[in-house]
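The basis for the numbers below is simple: all heavy atoms, side chains too, and nothing from hydrogens, waters or symmetry mates.
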Amino acid sequence: MRFSKNRLIGLALIILSSSFMAACGDSSDLKTQGKNVINQLSGKDKKQEESNKYNKYVEFYNDGLNDIYEEVNTYIQNMGQDPNLNKEEAYTIGSSYSKWDEIKKLPQEAPAMQEFDDIAKELIPVAENLDQLLTSAREYYKAKDYKDDQYAKGQELHTKILAEINKFESLYSKFNQALENRQRVVRAEQMEQAKKEGDEVRYNLINVATKMDKILDELNAEKISAANVLSTDLTKIKPLYEEYNQAQKALRDAVNNAKNKDELENVERYVEKTTEFKLEVINLIDRVENKKTLRNSEVRYPRNVDGTPEKLADIQQSATSRYNRIN
């Protein structure tokens, strides 16, 4: 039942364009000019509201659902996924999401975004309940109450947690897919706009993020993890790496050639992480080509092990966190 590693979603990077001003030159009729400007501003306001709501859902996914998802993996790793809990371990480390009151209002907020709102209405109560159950389990094991009740409450919580995980996994996957579908559309629009604006840094930022995701998408499609990393199909990964390498070089060149380099501190930090990602793909390819097997301890804790999908996914998460700080 251990979940495959999912990744953070990038926020919508809003590119504010002055193109609506061109409406003033479309006609000599002042009324027509006014209507053109108002219509374009109205369209931009709606787009901004949608982007704001999308970003709130993304932040909930990144900061709330992904943390719960990690807590689920930690719980399963310690307490097991069999109906009878593992009494040899204890689940004591973790954290709870703190913004439930705020996020529960989001599906009802305007504008309506049915692709997210409908799933969120089902997902939020399940995720909140699971979060509360995991919190109760941590408190139970921290207090060592199992010594007094011979694991009676621990078993009760375990049964409830496993049942809630099954509901959460399905809804989480649907929500993740909805966000990724929207992210592809948002990125395509923003790349096109950046291209029109001549904003090479912004264009290449988004392009690198897209190429990074393609590599992880392929590993996910092949169901590759540390346990079976030597089965990776390099005939598919190597071309994706070459695409990524070219995109990352274009981003580095764009940043180096930018006139406003003093304003690009967050971009440069993002570039550092994309370089880490590049080197880690090289490590993965090297591991597969040279059949470098992993020890059992490395398979169990692979996130710091070179040449594993789990380490790649962690680097992507760090890169996306930096991406999301770029204004």
Side-chain angles (χ1 to χ4, degrees), residues 1-10 57-58 61-62 65-66 68-70 72-73 76 81 115-116 119 123 165-166 168-188 191 206-248 273-274 276-294 298-321 323:
M1 193 185 288
R2 183 173 171 83
F3 292 0
S4 62
K5 180 73 174 175
N6 270 313
R7 53 184 177 273
L8 295 184
I9 300 289
Y57 273 127
V58 169
Y61 175 84
N62 287 344
L65 295 178
N66 264 355
I68 294 170
Y69 160 97
E70 289 296 337
V72 165
N73 278 336
I76 290 173
Q81 59 188 23
E115 73 222 80
F116 304 127
I119 302 170
L123 172 59
I165 285 173
N166 286 330
F168 176 76
E169 182 178 12
S170 173
L171 292 167
Y172 175 92
S173 296
K174 288 179 184 177
F175 194 68
N176 169 263
Q177 191 59 58
L179 285 172
E180 290 191 350
N181 290 343
R182 172 58 73 100
Q183 181 174 242
R184 280 190 283 272
V185 173
V186 168
R187 282 179 172 173
M191 285 180 72
I206 301 168
N207 193 33
V208 166
T210 301
K211 303 299 185 189
M212 190 182 293
D213 282 355
K214 281 187 175 182
I215 292 172
L216 291 174
D217 285 343
E218 178 56 35
L219 291 170
N220 282 338
E222 295 180 31
K223 295 181 168 55
I224 299 297
S225 67
N228 66 345
V229 65
L230 298 187
S231 301
T232 303
D233 187 350
L234 293 185
T235 64
K236 293 180 178 177
I237 293 297
K238 282 185 174 180
L240 294 175
Y241 165 75
E242 289 303 326
E243 288 181 15
Y244 176 81
N245 188 34
Q246 291 301 314
Q248 205 258 351
K273 279 297 172 184
T274 66
E276 277 186 47
F277 187 88
K278 170 187 168 181
L279 295 175
E280 200 51 45
V281 177
I282 292 172
N283 285 338
L284 186 144
I285 291 171
D286 176 68
R287 178 178 291 284
V288 177
E289 286 184 331
N290 293 291
K291 296 181 170 54
K292 296 179 180 178
T293 58
L294 282 82
E298 291 177 321
V299 172
R300 191 175 183 192
Y301 303 104
R303 293 166 68 169
N304 294 317
V305 180
D306 289 344
T308 63
E310 289 83 355
K311 187 170 182 181
L312 267 179
D314 266 11
I315 294 171
Q316 189 273 349
Q317 291 221 7
S318 295
T320 302
S321 292
Y323 178 96

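- For the 3.5 Å distance criterion, the side chains of Thr320 and Gln316 qualify, holding a donor opposite an acceptor.
- Asn290 CG: more than 12 foreign heavy atoms inside a 6.0 Å radius.
- When every heavy atom of Ser318 is checked against every heavy atom of Lys273, the shortest pair comes out as CB-CE, 3.7 Å.
- Distance check, rounded to the nearest 0.5 Å: CD of Glu276 to CD1 of Ile315 gives 5.5 Å.
- Here the closest heavy-atom approach between residue Asn207 and residue Ala247 is recorded as ND2-CB, 3.6 Å.
- Residues forming a side-chain hydrogen bond (donor to acceptor under 3.5 Å, both in side chains) with Glu218 (at least two apart in sequence, or on another chain): none.
- Asn283 and Glu280 share a side-chain donor-acceptor pair at under 3.5 Å.
- Scanning all heavy atoms of the two residues, the minimum distance from Ala178 to Ile119 falls at CB-CD1, 4.1 Å.
- Between the side chains of Asp213 and Tyr244, not a single donor N or O lies within less than 3.5 Å of an accepting N or O.
- For Lys236, there are no side-chain hydrogen bond (donor to acceptor under 3.5 Å, both in side chains) partners two or more places apart in sequence or in a different chain.
- Rounded to the nearest 0.5 Å, atoms NZ (Lys214) and CD1 (Ile237) are 12.5 Å apart.
- Listed by chain and number, the residues in a side-chain hydrogen bond (donor to acceptor under 3.5 Å, both in side chains) with Asp306 are Lys311 (sequence neighbours excluded).
- Of the possible donor and acceptor atoms, none in the side chain of Asn73 sits under 3.5 Å from a partner among the backbone N and O of Glu70.
- Shown here are the salt bridge (charged side-chain N to carboxylate O under 4.0 Å, His left out) partners of Asp286, two or more places apart in sequence or in another chain: Lys292.
- Looking at residues two or more places apart in sequence or on another chain, you find no salt bridge (charged side-chain N to carboxylate O under 4.0 Å, His left out) involving Glu242.
- Side-chain atoms of Met212 and Ile215, non-hydrogen and from C-beta on, never get closer than 4.5 Å to each other.
- Legend: residues meeting ring-ring contact (aromatic ring centres under 6.0 Å, His included) with Tyr241, ordered by chain and number and at least two apart, are absent.
- Residues satisfying the side-chain contact (heavy atoms from CB on, under 4.5 Å) test with Leu294, not counting sequence neighbours, are Ala226, Val229, Arg287, Glu298, Val299, Val305, Thr308.
- The closest side-chain heavy-atom distance from Ile76 to Ile165 is below 4.5 Å.
- Asn245 is listed as a side-chain neighbour of Lys278, based on a closest heavy-atom distance under 4.5 Å.
- Here Lys174 pairs with nothing under the salt bridge (charged side-chain N to carboxylate O under 4.0 Å, His left out) rule; sequence neighbours left out.
- Note that CZ of Phe277 is 11.5 Å distant from CG of Asp314, once rounded to the nearest 0.5 Å.
- The distance from the CD atom of Glu169 to the CG atom of Asn166 is 7.0 Å, given to the nearest 0.5 Å.
- A search for side-chain hydrogen bond (donor to acceptor under 3.5 Å, both in side chains) contacts involving Thr293 returns nothing, not counting sequence neighbours.
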*Check against side chain to side chain contact (heavy atoms under 4.5 Å, CB included), Asn181 and Glu115*: CA-CA 10 Å; Asn181 290 343; Glu115 73 222 80; over 6 Å; no
*Show your working on side chain to side chain contact (heavy atoms under 4.5 Å, CB included) between Asn66 and Gln317 and close with a plain yes or no.*
CA-CA 10 Å; Asn66 264 355; Gln317 291 221 7; 4.1 Å; yes
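- In terms of heavy-atom proximity, Glu310 sits nearest to Ser225 at OE2-CB, 3.4 Å.
- Using a 4.0 Å cut-off between a side-chain N of Lys or Arg and a carboxylate O of Asp or Glu, Asp217 and Lys211 do not qualify as a salt bridge.
- Glu180 has its side chain within reach of Asn176: a pair of non-hydrogen atoms, C-beta onward, lies under 4.5 Å apart.
- Applying the ring-ring contact (aromatic ring centres under 6.0 Å, His included) test to Tyr57 and every residue at least two apart in sequence or in another chain returns Phe116, Phe175.
- Contact check for Glu243 versus Gln248: no side-chain heavy atoms found under the 4.5 Å cut-off.
- Side-chain contact between Ile68 and Tyr172 is absent, with no heavy-atom pair separated by less than 4.5 Å.
- Put simply, the side chain of Thr232 never gets that close to the backbone of Leu234: no donor and acceptor are under 3.5 Å apart.
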